[in-house]
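Report on the following structure.
Just so it is clear: chains get the letters A, B, ... in the order the sequence lines come, proteins before strands, and each one is counted from 1.
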Amino acid sequence: MSRSGRIDILTRVEGHGKIELIRTGSRVTDARLHLHESPRLFEALLLGKRFDEVAEIACRICSICSTVHKVAALQAIEQALGVRVSPQTGLLRQLAVQGGQIESHALHIYCLALPDYLGVGGFPGLANVAPQKLKQGLKIKALGNLIQETIGGRAIHPFNLLVGGLGRTPGPEHLQRLADGLQEVREELPDLIEFTASLPETLPPLFPPEACAVSGGPALFGDHLATSTGETVPADAAASWLNEKVEAHSHAKFSRFDGQTVYLVGPLARLHLSIPAEYAQELAGAPVSSSLLARAIELQQAVEHSLMLITHLLAAGLQQEKPAAVVPTSGQGTALIEAPRGVLLHSYTFDQRGICTGADIITPTAINQAAIEGSLKALVAALDSTDYQQVKTACERLVRCFDPCISCAVH
Amino acid sequence: MKKLRLAITGLTACSGCQLTLLNCEAELPQLLEKFEFHYFPLACSPAVLKGRYDAALVEGCLSMPHERQLLLALRSQSQLLIAVGSCAVWGGVAALKNGTDRELLRRQVYGQSRTAVGTFSPQPLQSLVTVDAVINGCPPEKKELIGLMSGLLLGSLPVPNDQPVCSDCRMKENLCLLTERAQLCLGPLTLGGCEARCPSQGVPCEGCRGPVPEANLGEALELFLQKEYGRAIVIERLRRFYPEWKS
Amino acid sequence: MAVDFIAERDLQRCLNLLRRQGEVHAPLRDTDGMVRFGPLPTGVLPDLTAVRTLLPPKKYLLHPRETILFYQAGSGYQLPSGDVPRLILFGLHPCDLAGINYLDQVFLGNEPDPLYAARRAALTLIGTSCAPDQFCSCHLRPSPLTASCDLFLQQIGGGFVVSCGSSRGVELLETVTELIQERELTPPADTRSFFGQQLPPPPRSELDPALPDWQNLAEQCLGCGACSICCPTCCCFDVLESGGLDGSSAERWRRWDNCLFKSHAQVAGGASFQKDRTQRFRYRYRHKYRGFGQLKRLPSCVGCGRCRAVCPAGLDLRPLAERLEGCAP
Amino acid sequence: MNTNLPAAATITSVRRLTADTSLFTLACNDRDAALELSSFQPGQFLELSLPGFGEIPISYCGLPSACGAIELCIRHVGHVTSPLRRAGPGDAVGLRGPFGHGFPLDGYENQDLLLIAGGLGMAPLRSLLLALLDQRSRWGNLTLLYGARETGALLFLDELLDLTKRSDIRIQLAVDRREQCLEGPPNCRVALLPALLDGLAIQPEHTCAALCGPPVVYAYLVAGLKQLGLSGNRIHLSLERRMKCGIGRCGHCAVGSFLCCSDGPVFSLTQLQGIEGALA
Ligand SMILES: Cc1cc2nc3c(=O)[nH]c(=O)nc-3n(C[C@H](O)[C@H](O)[C@H](O)COP(=O)(O)OP(=O)(O)OC[C@H]3O[C@@H](n4cnc5c(N)ncnc54)[C@H](O)[C@@H]3O)c2cc1C
Ligand code: SF4
Ligand code: SF4
Ligand code: SF4
């Protein structure tokens with residue numbers, strides 16, 4: 001005889017989700033993740049929209065990752081319409097995406113995850129128990145926002161990123177200001193990494209499934225998926241490889257892959273596929289819960305990478321460029337980018353007039369659903385407990401390790 | 001002074017308005033001194049809606065039945081209910097195809113599956129409850145959110161603005177994209193307060209803050225058509241954040 | 001007649017000498033092709049051929065949005081403090097000078113507005129002559145407002161005829177004596193001659209609401225506000241106050257307002273004394289062509305043409321003014 | 001006085017007059033400012049600042065007082081006036097004034113005076129009434145006609161009832177409707193305010209009328225007064241407009257080519273003749 005336990009809303013994650021705990025007798029025997037976010041039906045909303053409207057609308061899928069949605073959408077559109085952007089635009093977009101990575105990771109580490117380790121309910125609690133950490137987190141987060149704002153015009157839903165280029169190119173003084181901020185933050189990151197590595201383990205060791213990440217381009221960018229199983233999937237085949245299916249208990253589609261293997265995307269997966277030498281030890285065979293450490297390491301990488309991009313841009317000398325001209329034409333384009341939470345795919349088809357006739361958007365949290373549920377089940381089994389509250393707390397923490405972005409998943 | 005007890009949540013939306021609050025990094029410490037973020041699922045655990053709230057800040061529109069329940073609960077438990085962001089105020093991006101049958105849209109995404117069957121055409125909060133004040137924008141301006149918060153401390157609500165984006169834009173002495181560049185800029189029809197963010201960077205206003213009072217749609221449409229924008233394109237653009245524009 | 005003359009090639013040196021007296025601001029054509037008043041970088045020449053800048057010089061006297069009071073519990077309301085830098089506005093056309101003259105009458109009459117007065121005192125005005133275009137109406141309708149300034153540079157072939165309008169102007173002229181040549185010539189009249197004229201008083205009769213023109217204007221107007229914002233003599237402002245996050249401080253600020261907006265005459269409960277835009281157009285017209293309040297019977301339009309140049313709907317009050325005011329517009 | 005800077009003042013007492021209207025007594029913290037602010041003519045107004053909320057025009061409601069106390073009668077309706085409902089003794093406010101032109105007291109010398117107030121219009125007219133009674137011998141007959149929505153909304157009813165005991169003033173009240181439970185005051189009719197003019201015995205060539213009320217009744221009152229034979233320059237009305245600065249700069253309060261703040265708020269009917277929207 002089984003019955004389901006109380007379903008609580010998930011907190012300190014983006015969007016609306018629940019965990020359903022199934023009990024057999026008094027023992028919790030199974031868990032299920034419900035992403036019951038209200039769908040906005042973006043893929044349907046985009047149909048019939050002209051090419052220059054698609055990215056503006058699509059970035060509204062999610063606020064935390066709006067910059068990367070915008071850039072992914074633009075790249076897919078440009079590919080479909082055969083638009084080439086200047087190298088400067090490419091670099092600036094990369095920088096904006098790195099800014100998003102910094103903001104999102106700082107938000108997760110300091111505001112959403114750290115409270116779990118310090119025994120408080122959220123950032124207001126942190127202000128009491130670890131005010132310096134909160135201050136540091138907010139500073140890094142603000143810097144990530146400033147990068148996005150400098151390039152995108154706004155930290156959320158960046159309007160300055162357009163098909164073919166940018167509205168206004170930031171001046172060297174703006175980039176220099178970013179570089180100064182990045183330099184300052186850079187100094188503090190080794191301590192942060194050490195700190196996250198030193199945090200006590202609170203979950204039983206659960207090991208992630210196979211890893212999948214975008215590859216073949218500069219950091220976070222690329223043209224194909226690479227996996228820990230050695231597969232290489234080109235962008236235009238990625239959607240069918242990810243194999244999204246509708247499931248009754250989730251408003252987000254599930255990636256079913258080949259029906260056998262489950263893949264993880266996101267910081268741990270990315271690092272797993274290219275482990276930086278200095279962290280090889282910490283990360284080799286790391287459990288799901290080391291995602292906090294993974295994010296701290298990625299934060300450092302994002303800061304380093306941003307500094308490098310700025311150096312390049314400043315050395316080349318910034319030009320005020322007009323966006324590349326667009327001649328509407330029919331075509332299809334698919335872009336892959338690493339969003340903070342993992343693989344993001346935007347794919348569009350346009351007709352002769354440049355009107356969107358097909359849209360497919362696959363987001364990291366949707367891809368991760370299978371991995372999250374698998375881990376939840378493993379956790380419940382590992383705990384083998386009748387203490388409902390204990391299981392519930394552990395499950396919530398586990399879900400947070402994946403930093404799900406449910407608005408993205410259900411879009 | 002006793003801290004003001006807040007409920008902050010989102011309905012059908014992207015969390016951008018709530019994130020805008022979290023993006024007020026400089027002001028957050030001060031906010032923590034004055035407000036208790038009692039119900040704020042995005043950032044605080046646990047999230048149990050309980051007791052009376054001085055104010056509820058609600059992001060997003062209504063598109064599923066359970067959201068109606070939540071909104072009614074927020075309304076009945078809160079002294080003030082504030083609609084934050086264009087989705088909550090106008091319907092926003094999610095509502096841009098409100099003219100189309102929702103079931104058709106649902107099937108375009110989910111096929112024949114019974115997933116998300118309850119979804120209905122997105123509606124602004126005012127369609128169900130009384131809203132005491134609104135903050136516009138997709139996303140809203142930080143400045144306006146902070147203004148709302150400091151107003152709450154005093155016991156006042158924001159005075160509604162009725163100047164269009166063009167006014168902000170002209171005050172900044174920008175080049176006018178509509179008259180000088182014949183671009184499809186929605187500045188004259190759109191509620192200002194964003195300091196003309198987009199036109200100031202040479203990007204036409206996309207109307208993210210919703211319509212200004214007395215927006216002269218007919219005449220604006222005429223003007224856009226003269227500048228050789230097809231009717232359909234103009235109408236599509238107009239409806240991006242506010243589905244109620246009549247063509 | 002003997003005049004003081006500065007050769008065009010000496011303009012740069014002249015500006016450099018003036019710079020010693022304060023930062024020089026002048027019309028500059030930007031990369032976007034628009035002309036704005038702004039700080040003149042050393043080595044750059046102002047655009048003296050441009051007919052008008054986007055915003056008039058009123059932006060130096062009344063900022064689009066500015067804090068007028070600070071409040072702190074315990075110490076009460078306080079005026080903003082701080083130095084007002086000395087500025088030299090170079091290249092003001094007669095209409096803009098007349099615009100400043102109008103603002104002076106509004107903000108310095110009776111009890112001077114402290115912010116305005118301080119900024120005004122720090123301004124030196126240097127005018128130049130110009131050639132009206134199709135939007136201008138300064139030369140079609142004389143104005144009782146004066147185009148007075150400290151120095152005026154009349155553009156004639158190869159240079160400028162310089163004249164002083166104030167003791168400050170005389171002082172300034174002394175600082176550039178090395179560039180002054182004495183010439184024997186009679187400069188032709190320029191648009192200054194249309195200002196400072198006695199006008200027959202405007203008709204005392206009220207504006208006729210039945211004229212179809214009001215309706216036409218109201219229907220075409222987009223309500224964008226550009227006309228008032230860009231007008232050198234529109235100076236309606238709104239005043240707002242907001243509290244600080246500390247719960248004990250506040251700030252009061254004013255910003256430019258517009259008589260064509262719905263809220264302009266709205267009072268508590270939403271009632272309005274200028275309910276529809278036709279009525280508000282009469283208000284605008286009255287202010288521009290007949291004047292009101294303390295400046296009753298002083299028309300405020302200086303003919304700079306900005307409202308016509310910036311109106312997306314291309315609205316123009318001139319034909320109406322021509323009919324209603326009886327004389328050439 | 002600096003035109004932008006409000007003088008600091010303190011609320012010394014608050015009296016709730018009706019459900020939505022309160023009488024505030026204020027004292028200036030500074031002697032000079034007190035002197036300036038309390039030398040006014042009935043019908044003039046001041047600008048009242050509530051820190052953090054803003055500034056609003058309010059008519060003087062009492063008499064110029066030697067000790068500098070200022071009475072204001074305020075209806076709680078909006079952004080600034082609603083929070084004033086919570087204000088109490090000791091609270092800090094700011095004051096600028098006096099502004100505008102009041103009722104022409106010198107012109108009223110030896111005249112019979114007819115005061116007509118509707119609703120909140122009683123606030124400035126109380127000031128006028130008190131001034132007239134203060135120098136009672138300067139004027140002829142005094143009549144006050146005062147109407148409100150209902151008995152409970154009549155402002156200063158206690159004071160007015162006291163005055164009815166005097167023989168040198170005539171007071172007639174009117175309410176649109178009378179609440180069931182309340183017994184109305186003796187001299188109160190259920191009628192619209194303009195109806196009180198019907199058959200009123202006055203000598204039009206010796207009478208001046210001072211009006212203050214909601215815009216909607218002005219047209220009816222004016223028609224009634226004309227019927228009684230009063231000429232336009234004997235009728236004075238106090239107008240209300242949106243105001244921001246109070247000193248003729250912000251441009252919001254225009255009435256034709258007048259500005260309500262500096263040319264008014266009290267105008268003679270002759271001045272307003274032919275001005276669109278003046279009497280709404
Ligand atoms: C000369 C004069 C004398 C007045 N005397 C009194 C009085 O004695 N007692 C009293 O209760 N009220 C009086 N009023 C009306 C009072 O000024 C308004 O009720 C008040 O301004 C409303 O402000 P609010 O912020 O509470 O309302 P809101 O409706 O929130 O105000 C919105 C905005 O409109 C403006 N506004 C709204 N209503 C008016 C109005 N009626 N007049 C001018 N501006 C307005 C306010 O300045 C504010 O900026 C007088 C008005 C005038 C012009
Ligand atoms: S650019 Fe757009 S917002 Fe700016 S003035 Fe022109 S139409 Fe208005
Ligand atoms: S300019 Fe328009 S689109 Fe841009 S922020 Fe303002 S309202 Fe939104
Ligand atoms: S510029 Fe033209 S459209 Fe805009 S408010 Fe003025 S008259 Fe109306």
Quick one: does [X]'s side chain have a donor or acceptor within less than 3.5 Å of a partner on [Y]'s backbone?
X        : Y        : value
B:Tyr110 : A:His251 : yes
B:Arg197 : A:Gly153 : yes
A:Lys141 : B:Glu25  : no
A:His16  : B:Thr12  : no

Given a strict heavy-atom distance threshold of 4.5 Å, which part of [X] is in contact with chain B: side chain, backbone, both, or neither?
X        : answer
A:Lys253 : side chain
A:Pro39  : both
A:Leu41  : both
A:Ser66  : neither

- Item | Within residues 1-20 of chain B or reaching into it, pairs that qualify as salt bridge (charged side-chain N to carboxylate O under 4.0 Å, His left out) - sequence neighbours excluded |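 Output for this query lists B:Arg5-B:Glu36.
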Looking at [options], which has the largest count of heavy-atom pairs under 4.5 Å with chain A?
options                     : result
B:Pro139, B:Ala116, B:Pro46 : B:Pro139
B:Cys17, B:Ala26, B:Gly10   : B:Gly10
B:Gly111, B:Ala47, B:Ser15  : B:Ser15
B:Ile233, B:Asn23, B:Val48  : B:Asn23

When heavy-atom pairs shorter than 4.5 Å are enumerated against chain B, which of [options] gives the highest number?
options                              : value
A:Leu107, A:Asp52, A:Leu47, A:Val410 : A:Leu47
A:Gly167, A:Ala142, A:Gly122         : A:Ala142
A:Arg50, A:Lys49, A:His36, A:Glu37   : A:Lys49
A:Glu53, A:His249, A:His157, A:Glu56 : A:Glu53

First locate atom [atom1] of [X], then atom [atom2] of [Y], and finally report the distance between them rounded to the nearest 0.5 Å.
X        : Y        : atom1 : atom2 : value
B:Leu96  : A:Leu46  : CG    : CG    : 8.0 Å
A:Glu43  : B:Gln108 : CD    : CD    : 10.5 Å
A:Ile9   : B:Thr9   : CD1   : OG1   : 6.5 Å
A:Glu103 : B:Leu19  : CD    : CG    : 5.5 Å
B:Gln18  : A:Ile64  : CD    : CD1   : 9.5 Å
B:Leu42  : A:Ser63  : CG    : OG    : 7.5 Å

Using heavy-atom distances under 4.5 Å, tell me whether [X] contacts chain A through its side chain, its backbone, both, or neither.
X        : answer
B:Phe37  : side chain
B:Arg114 : neither
B:Leu22  : both
B:Ser200 : backbone
B:Glu67  : side chain
B:Tyr39  : side chain
B:Arg237 : both
B:Ala13  : backbone
B:Pro122 : neither
B:Phe35  : neither

- Message: With side-chain hydrogen bond (donor to acceptor under 3.5 Å, both in side chains) as the rule and sequence neighbours excluded, what pairs involving residues 110-128 of chain A come up?
- Response: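 As it turns out, the side-chain hydrogen bond (donor to acceptor under 3.5 Å, both in side chains) pairs with a partner in residues 110-128 of chain A, which skip direct neighbours, are A:Arg12-A:Asp116, A:Tyr110-A:Gln136, A:Asp116-A:Arg400.
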- Query: Which residues pass the side chain to side chain contact (heavy atoms under 4.5 Å, CB included) test with B:Gln201, sequence neighbours left out?
  - Reply: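 Counting only residues at least two positions away or on another chain, B:Gln201 forms a side chain to side chain contact (heavy atoms under 4.5 Å, CB included) with A:Phe159, A:Asn160, A:Arg168.
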- What's the verdict on side-chain contact (heavy atoms from CB on, under 4.5 Å) for A:Arg60 and B:Cys208, showing C-alpha distance, side-chain angles and the deciding distance? CA-CA 11 Å; A:Arg60 260 95 184 177; B:Cys208 82; 4.0 Å; yes
- Task: Select all residues of residues 57-66 of chain B having any heavy atom within less than 4.5 Å of some heavy atom of chain A, and report them by number, or 'none'.
- Result: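 B:Ser63, B:Met64, B:His66 fall under the 4.5 Å cut-off.
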- Considering non-hydrogen atoms only, spot the tightest contact between B:Thr115 and A:Ala248 and give its length.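 Heavy-atom minimum between the residues: OG1-CA, 3.9 Å.
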- Please report the closest heavy-atom contact between B:Gly16 and A:Ile156, naming both atoms and the distance.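 Minimum heavy-atom contact is O-CD1, 3.4 Å.
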- Salt bridge flag under 4.0 Å for residues B:Lys142 and A:Glu149: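 Looking at B:Lys142 and A:Glu149, the cut-off is not met.
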- For residues B:Val109 and A:Phe42, determine if any side-chain heavy atom of one lies less than 4.5 Å from a side-chain heavy atom of the other.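 With C-beta onward as the side chain, the pair stays apart.
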